[in-house]
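All of these numbers come straight from a predicted model, not from anything done at the bench. These values consider heavy atoms only, across backbone and side chains, with no hydrogens, waters or symmetry-generated copies. Numbering of ligands and ligand atoms starts at 1, following listing order.
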Amino acid sequence: MKNKIIAGNWKMNKTRPEAEALIKELLPLVADSVNTVIICVPYTDLHTAVQLTKGTNVHVGAQNCHWKESGAFTGEIAPSMLKEMGVEYVIIGHSERRTYFGETDATVLARTQAALQAGLKPIVCIGETLAERQSGRMQQVLTRQVVEGFKDITAQQLANIIVAYEPVWAIGTGVTATDEQANEAIAFVRGVFAQKYGKVAADALYIQYGGSMNDQNAAGLLAMSDVDGGLIGGASLVAAKFAAIVHAHG
Ligand code: 13P
């Protein structure tokens with residue numbers, strides 16, 4: 001079995017002093033983890049996070065990046081700017097960006113390509129809404145997100161990508177997918193990747209579960225065969241809870 005990749009998505013939370021306090025509390029709690037630990041913080045906290053985690057086992061990610069290297073894109077951040085700061089990962093296509101900021105499979109692909117080009121490791125998010133699940137379209141939606149969102153991605157590039165399956169209905173709602181639901185959906189997604197990239201590459205691909213994962217339910221979810229880690233929102237804002245998730249498996 002692979003080790004797990006546990007990533008915190010702080011979303012739009014934590015000022016610099018708050019980030020500093022949280023990271024300083026977290027570092028000793030996760031220092032001996034066998035799993036990979038990533039914190040994806042707001043842009044304004046990136047410098048703080050990179051400095052504080054230097055020489056530790058905690059990696060730093062951003063929550064978005066633009067698809068161009070530079071230019072007249074007011075308010076956007078280029079992947080190379082993140083890379084230069086010492087950022088290693090970047091979340092792409094989170095459902096909140098798809099819902100509130102018009103992100104599409106095409107822009108997800110463009111951002112992923114740009115991130116890879118800059119040497120960042122994208123964490124690409126996919127997932128169905130409640131309406132899509134209830135109307136029996138879950139597999140169709142996940143297939144589309146993978147086929148369109150990874151259209152030009154080569155097998156070599158895929159090796160540097162993490163996928164996060166985040167059912168939209170489970171995000172921030174306290175309603176978690178059951179262990180079986182998470183495993184079934186991720187196994188399905190892995191099958192879609194296998195069709196394009198082959199079984200070996202699909203098996204090697206890390207696919208996380210995200211959506212109300214917390215210190216209580218993490219062990220069950222992470223014990224599932226296809227669940228390669230977690231992308232954690234709310235619970236990543238509390239050091240003890242996030243550390244408990246990091247230690248829930250392995
Ligand atoms: P919650 O853990 O707060 O449900 O958020 C999940 C998520 O969206 C992580 O990207």
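- A donor and an acceptor atom, one from each side chain of Tyr165 and Gln145, are nowhere located under 3.5 Å apart.
- Residues passing the salt bridge (charged side-chain N to carboxylate O under 4.0 Å, His left out) test with Lys241, sequence neighbours excluded: none.
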Show me a pair-per-line table, with atom names and distances to 0.1 Å, of protein N or O atoms that are under 3.5 Å from an N or O of ligand 1.
unit_1, atom_1, unit_2, atom_2, d
ligand 1, 2 (O), Ser212, N, 3.4
ligand 1, 2 (O), Gly233, N, 2.9
ligand 1, 3 (O), Gly234, N, 2.8
ligand 1, 4 (O), Gly172, N, 2.6
ligand 1, 4 (O), Ser212, N, 2.7
ligand 1, 5 (O), Lys11, NZ, 3.2
ligand 1, 8 (O), Lys11, NZ, 2.9
ligand 1, 8 (O), His94, NE2, 2.7
ligand 1, 8 (O), Glu166, OE1, 3.4
ligand 1, 10 (O), Asn9, ND2, 3.0
ligand 1, 10 (O), His94, NE2, 2.9
ligand 1, 10 (O), Glu166, OE1, 3.1
ligand 1, 10 (O), Glu166, OE2, 2.9

Step by step, would you call Phe150 with Phe193 a ring-ring contact (aromatic ring centres under 6.0 Å, His included)?
CA-CA 9 Å; Phe150 288 76; Phe193 278 103; 4.9 Å; yes
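- Counting only N and O atoms by type, the side chains of Thr129 and Glu132 include a donor and acceptor under 3.5 Å apart.
- For the atom pair CE (Met81) and NE2 (His66), the distance works out to 10.5 Å, reported to the nearest 0.5 Å.
- Defined by atom type and a distance below 3.5 Å, a donor-acceptor pair is missing between the side-chain atoms of Gln139 and Glu128.
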